[in-house]
Amino acid sequence: MITLALSKGRIFEETLPLLKAAGIAVLDDPERSRKLILDTNLPDVRLLVVRATDVPTYVQYGGADLGITGKDTLLEHGGQGLYQPLDLQIAKCRMSVAVRADFDYASAIKQGSRLTVATKFVAIAREFFASKGVHVDLIKLYGSMELAPLVGMADAIVDVVSTGGTLKANHLVEVEQIMEISSRLVVNQAALKLKREPIRKIIDAFASAIVVPA
Ligand code: ATP
Ligand code: PRP
């Protein structure tokens, strides 16, 4: 049996063409079904539907042989025990710093002020500001980071940005781009040894279906 961990929403949607290339069709719709283990057309392949942030953990501990997860989530997890063979070029966005439009970020940095930063991505934020020599107090949030500067809880946020629509709707501006983000295929290292043949087949099929930007 080969078990692949995925999250609902954009990763699931954008993974369907890759699954198709591997000859895998999902028999249930995760948005409608309450089932957490989804059958496929292949009797020896099943999907686990887990929280996006839990995908690396399921693969690390062998609950799943493979998983698809954002680079952001992978960096926060640490990647222990995971082989990362492919950048799938899906769920693309960027990790950025944003502030209220009336906050003078450049001056605050120049003056060496201590910044309060709200984020779900504490490891990425800590590393980024340390590399710039900026002192920060980090506030861990689990979502709706955009609110924190609006209610005076933080000077800045670190969050993913795609169209920029969410920042704009909340009167925030992007002041730094930390890194480009896309989703990765991750594989349990022990499973790769024990089930080399079928896992290799999936990796190769996914690799052939990646759409590389021009
Ligand atoms: P959780 O439910 O565990 O908190 P989440 O809400 O971040 O996770 P998703 O919103 O499904 O989960 O995001 C999954 C991945 O998609 C993220 O890890 C990131 O790599 C990418 N992503 C997040 N937001 C966007 C976006 N607006 N556009 C494109 N990709 C995105
Ligand atoms: C993500 C992220 C931002 C938004 C950015 O939220 O947390 O709020 O996307 O995208 P944009 O630049 O195109 O507006 P998501 O849509 O995943 O909602 P969630 O955080 O509630 O899951």
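One-based numbering, in listed order, for ligands and for the atoms of each.
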Please report which non-hydrogen protein atom sits nearest to [atom], along with the residue it belongs to and the distance in Å to one decimal place.
{"atom": "atom 5 (P) of ligand 1", "value": "Lys120 NZ, 3.6 Å"}
{"atom": "atom 29 (C) of ligand 1", "value": "Lys92 O, 3.3 Å"}
{"atom": "atom 1 (P) of ligand 1", "value": "Arg51 NE, 3.2 Å"}
{"atom": "atom 15 (C) of ligand 1", "value": "Ile11 CD1, 3.9 Å"}
{"atom": "atom 24 (N) of ligand 1", "value": "Arg10 NH1, 3.1 Å"}
{"atom": "atom 12 (O) of ligand 1", "value": "Ala52 CB, 3.4 Å"}
{"atom": "atom 3 (O) of ligand 1", "value": "Thr53 OG1, 2.7 Å"}

side-chain contact (heavy atoms from CB on, under 4.5 Å) with [X]: which residues, sequence neighbours excluded?
{"X": "Pro198", "value": "Ile2, Lys195"}
{"X": "Leu194", "value": "none"}
{"X": "Gln177", "value": "Arg94, Ser96, Glu174, Glu180"}

Query raised in the report: About how many Å separate CD1 of Ile24 and CG of Leu16, when rounded to the nearest 0.5 Å?
Result: 11.0 Å
Query raised in the report: What distance do Met1 atom CE and Leu42 atom CG have between them, rounded to the nearest 0.5 Å?
Result: 10.0 Å
Query raised in the report: Do Val45 and Leu6 belong together in a cluster built from hydrophobic side chains that touch within less than 4.5 Å?
Result: yes
Within ligand 1, which atoms have a heavy atom of [X] less than 4.0 Å away?
{"X": "Ile181", "result": "20 (O)"}
{"X": "Val160", "result": "23 (C), 24 (N)"}
{"X": "Thr73", "result": "18 (O)"}

**Report entry** N/O separation below 3.5 Å, Lys71 to ligand 1
**Finding:** no
Report task. Ignoring angles and geometry beyond distance, decide whether Asp72 reaches within less than 3.5 Å of ligand 1 through its nitrogen or oxygen atoms. Result -> yes
Report task. At a heavy-atom distance under 4.0 Å, which protein residues reach ligand 2? Sort them by chain and number, would you? Result ->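 Answer by chain and number: Arg10, Glu146, Asp159, Val160, Val161, Ser162, Thr163, Gly164, Gly165, Thr166.
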Query raised in the report: What heavy-atom pair brings Val158 and Val97 nearest, and what distance separates the two atoms?
Result: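 Looks like CG2-CG2, 4.2 Å.
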Query raised in the report: Considering all heavy atoms of both residues, which atom of Ala101 and which atom of Val173 are nearest to each other, and what is their separation?
Result: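 Heavy-atom minimum between the residues: CA-CG2, 4.0 Å.
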Looking at [Y], is its backbone amide N or carbonyl O close enough to the side chain of [X] to form a donor-acceptor pair, meaning the two atoms are under 3.5 Å apart?
{"X": "Glu31", "Y": "Gly9", "value": "yes"}
{"X": "Lys140", "Y": "Thr119", "value": "no"}
{"X": "Gln60", "Y": "Leu82", "value": "no"}
{"X": "Gln89", "Y": "Ile210", "value": "no"}

Report summary line: Note: Ser162, heavy atoms under 4.0 Å from ligand 1, region reported as side chain
